[in-house]
Protein chains: 2
Amino acid sequence: MNVDGQQGRRPRADVQRNRAALLETAQRHFLQYGVGTSLEAVAKEAGVGPATLYRHFPTREALLAAVLQTRSEEFVARRADIEQLGDAAEALERWLRAMEEYLSAYSGLPDPLMAAARAQDPDNPLTIPCDVLIAATDAYVRAAQRAGRVRASVRGHDLFLAACSVAWIKGTGTEETSVDRLRALIASGYRERDTQA
Amino acid sequence: MNVDGQQGRRPRADVQRNRAALLETAQRHFLQYGVGTSLEAVAKEAGVGPATLYRHFPTREALLAAVLQTRSEEFVARRADIEQLGDAAEALERWLRAMEEYLSAYSGLPDPLMAAARAQDPDNPLTIPCDVLIAATDAYVRAAQRAGRVRASVRGHDLFLAACSVAWIKGTGTEETSVDRLRALIASGYRERDTQA
DNA sequence: GCCGTATACGGAGGCTGCATCCGTTTTTTG
DNA sequence: CAAAAAACGGATGCAGCCTCCGTATACGGC
């Protein structure tokens with residue numbers, strides 16, 4: 001039993017192949033059917049037995065976390081873009097949108113994420129990505145607050161919850177215009193009152 | 001096949017007994033395990049076979065709708081209380097809280113409700129309760145707007161979505177203080193700026 | 001009060017998905 | 001190239017969904 005623990009021996013070739021195939025297939029299935037998709041189907045389409053899937057990713061959350069991990073590279077790139085902006089309020093706005101899109105990539109994603117965020121369960125592989133998101137949001141919020149563009153009582157965690165909510169709504173299949181309206185409502189809740197775009 | 005269609009014959013006694021037992025048991029199970037609870041378990045505990053449950057309530061949504069129906073009497077009573085208030089903004093506030101509690105009564109309830117609200121699917125038994133809630137919210141919103149306490153751009157549907165979001169968050173097990181903060185954030189989004197409590 | 005029939009019941013069973021065990025195959029190492 | 005380590009995957013047990021159909025039950029007329 002090695003799979004991806006780092007011991008003396010070099011990881012076997014088939015392990016890497018299978019892992020890659022599983023991740024690629026899972027990504028596609030999550031995209032098409034949501035995070036509740038059949039893991040058996042994923043395994044079959046990846047050309048491996050169910051046991052192999054479970055050996056690589058003991059739980060659905062572990063598989064999800066691994067898929068998100070590969071996805072997050074592109075996400076980090078976005079973050080670099082955002083940080084070049086001088087306007088802190090605009091940066092926060094864009095960050096929230098980016099996070100929202102990240103969270104609504106797969107239908108049903110917000111639920112396991114919230115479950116992980118709730119308690120600091122170190123066994124849950126989604127806890128870390130979650131904490132990262134909250135910390136980043138908080139940084140953007142503080143910057144915008146220093147610029148006097150966001151109300152002082154707001155915290156990063158609040159807007160993380162808000163983004164999760166919006167992402168959840170999107171995942172239920174609600175029309176885009178309704179989602180836009182909700183987002184606007186929230187925005188006018190955290191923006192400083194005398195703000196002028 | 002009669003179950004509850006109104007024909008010439010009087011409904012059989014066991015039908016009514018079973019229906020009542022199923023509703024009572026389902027209510028308890030939804031409360032304890034959420035809307036995803038095992039229907040087989042509900043049937044067994046109600047003392048009937050699975051087929052009887054499905055005969056009375058062809059889908060999970062139908063059972064849920066029926067349970068909510070019985071629950072809604074108590075909800076209507078609340079509404080009468082609220083309407084005695086002279087303050088339209090306070091009335092809206094209380095209505096939103098009441099709706100939020102209604103929506104978070106069973107964990108996972110917001111999801112099927114949103115699915116029903118999305119498209120006017122007349123086959124979905126949850127569509128009607130959903131539309132009722134939206135219409136009622138809209139009435140409260142208009143009243144508060146006439147009193148100049150809520151921003152003109154806000155619609156009842158927006159606050160319905162917001163209430164669903166908050167209820168969803170509650171259902172994920174998030175701490176109550178975080179939920180309170182999110183609710184406050186949303187409130188400062190729809191309230192008129194120069195409002196004084 | 002009894003019987004015939006409409007009506008409803010419920011166990012059995014097919015199906016899908018989850019998760020694990022263990023005999024077999026593949027890969028690496030020397 | 002052989003032995004050992006490592007991973008594979010089919011088979012399996014379990015739970016829940018939903019339906020079919022033979023059986024039981026309540027109703028209403030007599």
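Quick note on labels: first sequence line is chain A, next is B, and so on, each numbered from 1.
- Residue N18(B) has no polar side-chain atom (N or O) positioned under 4.0 Å from OP1 or OP2 of dA8(C).
- For E45(A) and dG9(D), the CD to P distance is 15 Å, given to the nearest whole Å.
- Distance from the side chain of R55(B) is smallest for dC9(C) among the nucleotides dA12(C), dC9(C), dG9(D).
- If you check every strand for non-hydrogen atoms under 4.0 Å, T37(B) touches sugar and phosphate atoms only.
- Each of dG10(C), dA19(C), dC8(D) was ranked by its minimum atom distance to the side chain of Y54(A); first place goes to dA19(C).
- For the pair V166(B)/R183(B), a side-chain contact is recorded, criterion being any heavy-atom separation below 4.5 Å from C-beta on.
- Going from atom CD of E40(B) over to atom P of dG13(C) covers 15 Å, rounded to whole Å.
- The separation between L39(A) atom CG and dC18(C) atom C1' is 8 Å, rounded to whole Å.
- Each of T59(B) and V48(A) was assigned the nucleotide of DNA chain D with the nearest heavy atom; the assignment lying further toward the 5' end belongs to V48(A).
- Here the P atom of nucleotide dT16(C) and the NZ atom of K44(A) are 9 Å apart, to the nearest Å.
- Taking the six-membered ring for Trp and the full ring otherwise, the centers of W95(B) and F75(B) sit less than 6.0 Å from each other.
- Here dA7(D) presents its P atom at 13 Å from CZ of R19(A), a figure rounded to the nearest Å.
- When the C1' atom of dA7(D) is taken as reference, atom NE2 of H56(A) falls 8 Å away, rounded to whole Å.
- With dC21(C), dA26(D), dT29(C) as the choices, the nucleotide that has an atom nearest any side-chain atom of A51(A) turns out to be dC21(C).
- The side chain of R60(B) places no N or O atom within less than 4.0 Å of a non-bridging phosphate oxygen (OP1 or OP2) of dC18(D).
- The phosphate of dC18(C) (OP1 or OP2) has a side-chain N or O of S38(A) nearer than 4.0 angstrom.
- Between R151(B) and Y190(B) there is no side-chain heavy-atom pair separated by less than 4.5 Å.
- In terms of polar N and O atoms assigned as donor or acceptor, the side chain of R12(B) comes within less than 3.5 Å of the base of dT7(C) in a complementary pairing.
- OP1 or OP2 of dA8(C) has not a single side-chain nitrogen or oxygen of T52(B) nearer than 4.0 Å.
- In this structure, L64(A) places its CG atom 14 Å from P of dC18(C), rounding to the nearest Å.
- W168(B) and D111(A) share a side-chain donor-acceptor pair at under 3.5 Å.
- A close approach under 4.0 Å does occur between a side-chain nitrogen or oxygen of R10(A) and OP1 or OP2 of dT29(C).
- In this structure, of dT19(D), dA8(C), dC18(C), it is dA8(C) that holds the atom nearest to the side chain of D14(B).
- Side-chain polar atoms of E93(A) and Y140(A) form no donor-acceptor pair below 3.5 angstrom.
- L53(B) has its CG atom 12 Å from the P atom of dT19(D), to the nearest Å.
- Put simply, the side chain of R191(B) does not reach to within 4.5 Å of the side chain of V150(B), judged on heavy atoms.
- Nearest nucleotide to the side chain of P50(B), out of dC18(C), dC8(D), dA12(C): dA12(C).
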